Number of protein chains: 2
Amino acid sequence: MLQHQPSLDLAFQALADPARRAMVERLCDGPASVSELAAPFEMSLSAVVQHIAVLEGAGLIRTAKQGRVRTCQVEPQALRGVEGWINERRLLWERRLDRLGDYLKANPDMPKKDHDQ
Amino acid sequence: MLQHQPSLDLAFQALADPARRAMVERLCDGPASVSELAAPFEMSLSAVVQHIAVLEGAGLIRTAKQGRVRTCQVEPQALRGVEGWINERRLLWERRLDRLGDYLKANPDMPKKDHDQ
DNA sequence: AAATTACTTAAGCAAATGCTTGACTATCGC
DNA sequence: GCGATAGTCAAGCATTTGCTTAAGTAATTT
């Protein structure tokens, strides 16, 4: 569990950008072409294409070209990976906070040293 | 829902780095000092301090100095924000996939055009 | 008081990111 | 075939990131 997880790196990195997050949000409503994805933004089409490449590289979306239009759609897999990581963490720190709560309940007069760890 | 969410930007960005993610993982087992956090890494202490600053700036951890040692601990709030975003997305695309499934069940002989959107 | 510990701060640097513009290449509708 | 459409590719560039080293400062230990 202390190993590098390149796919997580890429997914978090991809989602760190508000434009890319907005694109994923849009794609959660259904597939869209590159130009449709680009429409809400002021940046160049080229920039949007680069964002799409990042999302696809992170496995967050899948794209396919038919004729001259490339259609994009969300790929649940990578999103699940991110969700999994978060859920694991939450489990751990909730368990920890519970233990701490129990300890405090048991020792209402906690000394100021050695309060944990 | 199409607004910028700087806190999400910062949280995702912070979690995109494997070292920082490892630090959060470590902190889920309980608070730690800067040097304790630094121990598993080969990078300089200075670099670790910078990572800690990023995590704190993203609201993912809280730190406090007492004497000459700074103690770090997870701050559930920001993690919840990330979790929330993911969960919303999952809800949306699961609902979408369900609808698509129903549609396919209703129209087993789907024409190749206009399959969605 | 002197040495050690636990950071802190600043400067510098190579690589990665997020754009831009400009020139192209297919495909579609007429 | 010809022009408009939809996207691709390649530079180039300013900023940000992820480090490093070097020189501090403040709290402990001895």
Side-chain angles (χ1 to χ4, degrees), chain A residues 4-24 26-27 31-73 112-114 117, chain B residues 4-24 26-27 31-73 112-114 117:
Chain A
H4 285 218
Q5 200 118 343
S7 61
L8 268 188
D9 291 22
L10 293 175
F12 276 116
Q13 179 70 46
L15 293 174
D17 187 282
R20 282 190 299 254
R21 237 166 29 241
M23 291 177 192
V24 171
R26 163 64 187 80
L27 289 177
S33 71
V34 171
S35 342
E36 280 167 349
L37 272 187
F41 299 101
E42 302 218 320
M43 63 182 114
S44 72
L45 182 66
S46 199
V48 171
V49 169
Q50 287 169 67
H51 280 304
I52 290 176
V54 171
L55 288 170
E56 189 163 24
L60 287 163
I61 68 173
R62 188 162 21 105
T63 81
K65 194 165 184 177
Q66 177 154 330
R68 60 182 166 175
V69 28
R70 176 173 299 277
T71 304
C72 312
Q73 54 191 303
K112 58 182 63 163
K113 206 77 190 289
D114 192 34
Q117 154 64 247
Chain B
H4 286 215
Q5 200 116 348
S7 61
L8 269 187
D9 290 22
L10 293 175
F12 275 117
Q13 178 71 48
L15 294 175
D17 187 282
R20 284 192 296 258
R21 238 170 24 243
M23 292 177 191
V24 170
R26 163 64 188 78
L27 289 177
S33 71
V34 173
S35 343
E36 281 167 349
L37 272 186
F41 299 100
E42 302 218 319
M43 63 183 111
S44 72
L45 181 67
S46 198
V48 171
V49 170
Q50 289 168 63
H51 279 305
I52 290 176
V54 171
L55 287 170
E56 189 163 23
L60 286 163
I61 68 173
R62 190 162 19 106
T63 81
K65 194 164 187 177
Q66 178 153 329
R68 63 181 165 175
V69 28
R70 175 174 299 277
T71 303
C72 311
Q73 55 190 298
K112 58 183 63 163
K113 236 323 180 45
D114 191 36
Q117 158 59 245

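Residue numbers begin at 1 in each chain, while the letters A, B, ... track the order of the sequences. If you're wondering where the values come from, they're calculated on a predicted model, not measured in any experiment.
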*Would you name the heavy atoms of A:Leu37 and A:Met23 that are closest together and state the gap between them?*
CD2-O, 4.0 Å
*Below 4.0 angstrom from OP1 or OP2 of D:dT8, is there any side-chain N or O of A:Arg68?*
no
*Kindly say if A:His51 contacts the phosphate of C:dT17, meaning a side-chain N or O under 4.0 Å from OP1 or OP2.*
no
*What's the CD-P distance between A:Glu36 and D:dT5, to the nearest Å?*
15 Å
*asked:* From the set C:dT20, C:dA6, D:dT20, return the single nucleotide nearest to any side-chain atom of A:Ser44.
replied: C:dT20
*Between CD of A:Gln13 and CZ of A:Arg20, what distance do you get to the nearest 0.5 Å?*
6.5 Å
*Grab the two heavy atoms, one from B:Gly57 and one from B:Leu10, that are nearest each other, plus how far apart they are.*
O-CD1, 3.9 Å
*Want to settle it: does A:Asp17 or B:Ser35 sit nearer the 5' end of DNA chain C, counting the closest nucleotide to each?*
B:Ser35
*Quick one: A:Ile52 CD1 to C:dC19 C1', roughly how many Å, whole number?*
15 Å
*Round to a whole Å and report the spacing from CE of A:Met23 to C1' of C:dC19.*
12 Å
*asked:* Nearest to the A:Ser46 side chain among D:dA10, D:dC19, D:dA4, which nucleotide is it?
replied: D:dA10
*To the nearest Å, give me how far apart CG (A:Leu10) and P (C:dT17) are.*
9 Å
*Separation of A:Asp9 atom CG from C:dT17 atom C1', in whole Å?*
15 Å
*Let me know the distance between CZ of B:Arg70 and P of D:dT25, rounded to the nearest Å.*
18 Å
*Rounded to the nearest angstrom, tell me the gap between atom CD in B:Gln66 and atom C1' in C:dT8.*
18 Å
*Please give, in whole Å, the distance from D:dA22 P to B:Leu45 CG?*
16 Å
*Closest heavy-atom pair and its distance - B:Leu55, B:Ala14*: CD2-CB, 4.1 Å
_Presence of donor-acceptor pair under 3.5 Å, side chain of B:Gln50 and base of C:dT9_ = no
*Are OP1 or OP2 of D:dA6 and a side-chain N or O of A:Ser33 less than 4.0 angstrom apart?*
no
*Could you work out which one of D:dT8, C:dA6, D:dC19 sits closest to the side chain of B:Ala47?*
D:dC19
*Phosphate-side-chain proximity, A:Lys65 and C:dT27, N/O vs OP1/OP2 below 4.0 Å*: no
*How about A:Ile52 and A:Thr63: do any of their side-chain heavy atoms sit closer than 4.5 Å?*
yes
_Check this for me: does the side-chain of B:Gln13 come within 3.5 Å of the base of D:dT16 through a donor and an acceptor?_
no
